[in-house]
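Scroll down for the structure; my scribbles are underneath it.
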Amino acid sequence: MQNYSLFNLARNALNNHQGWREAWRTVPLKEEYDTLIIGAGGHGLATAYYLAKNHGVTDIAVLEKGWLGGGNIARNTVTIRSNYMRDESIPFYVKSLELYEKLSQELNYNLMYSKRGMIDVIQTYPKLREIKRRMLSMHLHGSTYEPLDVDDLRRQVPSLTGGGPNSRLPIIGSMLHTDAAVCRHDAVAWGYARAADDLGVEIHQNTGVQKLLRDPNGSIAGVVTNRGTVRAKNVALAVSGHTTTLTDTIGLRLPLRTFNLTAFVSEPVKPLLDVIVNCPDLGVYLNQSDKGEIVIGGAADIGQSFRRDIKQAVFEESVSAMLELFPSFKKLKLLRQWGGALDIAHDASPIISKTKIPGLFVSAGWWGGFKAIPAGGLTFAHLIANNEQHPLSEPFALDRFDNLNFILESGTTAH
Amino acid sequence: MLEISCPFCGPRSETEFINGGPVRETRAENPHDFADSDWVDYLILAPNPLGPVTEEWWHIMGCSLWFAITRDTTTHEILPCSRKSHD
């Protein structure tokens, strides 16, 4: 791998930067691999990287329907956090944050990681009680959650001028999650792709999987793509909203439903918001990107949907909620919006699991999967290589549903 | 935004409704004929098609009727609805 360093930058400057090589290769598609990973998004590429790095599996092809990093990794609000409620979830996300913190160095790729913290603004007493309980369980697992009184909150977020004592929902408290961070979402996909490629992983874009293939003995045999049939011993799905579309082709039913989750950004403005602000009682969250845009997200659309559009009602709800707390943002102009198809499991917790079809693995149900990419990749790679769960992902196996052993982790922002 | 035709009130805005999820398989008449795994499947599995899905809606801000429509999950196109009581 061509190292990205000050020395190499200077050396390449001497020949007008003509010497930089492509970050990953484009190679012909073979007919057979040891492991196929479907989906070159955050989770797929991270899984390929950790499979090659930690488990020495390098005969891997990552198949991508569109372009690398064009799915939900390009369609999130870049928040990395670990403020969860359940004993199963918190350690998983704590590990993910730990990996994110050192990821730029590990991948030799600048992720523009910024550990800026997240503030939960609380406006109802039930939520205040819930968030205090959350604080106690988070402290048990080494995550950070500290109460912040309203004066300190207003000092830290000067643009938060709404929610006063006479408003509909006055702010009664807040909580600071100092571990929370943001980073450049595309760079996560590109960084993992480049590092995985260097370890011998092949990445094939514009290779859409149409069908999974099963061997007469019952195990997975490979996949049918628009570029022909590819055979493999292991097939790992990391395709987010389209997981059931693929598993339906092989008669495997999973407890997943696909929803559209949208977000939008304003025009760029001067720096005014240096933390992530989450308002669970109103169902809106926002942060300011490095370019100066205010990134705003809300709740998922009602009803299943594979559309990546935004509904006027969802947009209005998020904006009016935001304006209750940030009335001066009324002047902001909207720049663009996006949506992502995400699959939500029956208990709203992720699924990292083998299936009843030997050799077929799924990583799905990621509702806010951006923050989970390093730990998701690490544990999914461990599962594929050893056919055994990593201790961190043990609770997220499909067999939890057999005993209705749900991990009820409702959304932190919206339900 | 969707315009959903309530069988009683006529076409109304989506914001007046609550989505009840896709219509699932009918509950078994005799639970004793049912294996545990079938029961789990009945509870947790729901259709998630890339295309038309028949789902229930509740007109909570209107006449309170439960009814089913068939909606395409890729286009939001709504096919004619049928009146259905909720059990």
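Excluded from the calculations below are hydrogen atoms, water molecules and symmetry mates; all remaining heavy atoms, backbone and side chain alike, are included.
- A:Gln304 places no side-chain N or O within 3.5 Å of a backbone atom of B:Val53 that could act as its donor or acceptor partner.
- Between B:Thr74 and A:Phe306, the shortest heavy-atom contact is CG2-CB, 4.2 Å.
- Chain A forms the most heavy-atom pairs under 4.5 Å with one residue out of B:Asn19, B:Asp36, B:Leu45, B:Val40, and that residue is B:Leu45.
- Residue-environment remark: CH2 (B:Trp58) stays at or below the threshold of 12 foreign heavy atoms within 6.0 Å.
- Only the backbone of A:Leu254 comes within contact range of chain B, with heavy atoms under 4.5 Å apart.
- Closest approach of A:Ile302 to B:Trp57, counting heavy atoms only: CD1-CZ3, 3.7 Å.
- B:Ile18 does not touch chain A: none of its heavy atoms, backbone or side chain, sits under 4.5 Å away.
- Only the side chain of A:Phe406 comes within less than 4.5 Å of a heavy atom of chain B; its backbone N, CA, C and O stay farther away.
- For A:Thr258, the parts sitting under 4.5 Å from any heavy atom of chain B are the backbone and the side chain alike.
- A distance of 7.0 Å separates CD of B:Glu14 from CG of A:Asp301, quoted to the nearest 0.5 Å.
- B:Asn48 contributes atom CG, which lies 6.5 Å from atom OG1 of A:Thr245 (distance to the nearest 0.5 angstrom).
- Using a 4.5 Å cut-off between heavy atoms, A:Asp309 contacts chain B through its side chain alone, with no backbone atom that close.
- The neighbour count for A:Lys311 NZ, taken as heavy atoms of other residues, nucleotides or ligands under 6.0 Å away, is above 12.
- Distance check: A:His242 NE2 to B:Leu50 CG gives 5.0 Å after rounding to the nearest 0.5 Å.
- Scanning all heavy atoms of the two residues, the minimum distance from A:Arg257 to B:Pro22 falls at NH2-CD, 3.4 Å.
- Residue A:Glu317 qualifies as open at atom CD: its count of foreign heavy atoms under 6.0 Å is 12 or below.
- Ion pair A:Arg253/B:Glu25 flagged as a salt bridge, since at least one NZ, NE, NH1 or NH2 atom sits closer than 4.0 Å to an Asp/Glu carboxylate oxygen.
- Taking CD1 from B:Ile44 and CG from A:Leu398, the interatomic distance works out to 8.0 Å, rounded to the nearest 0.5 Å.
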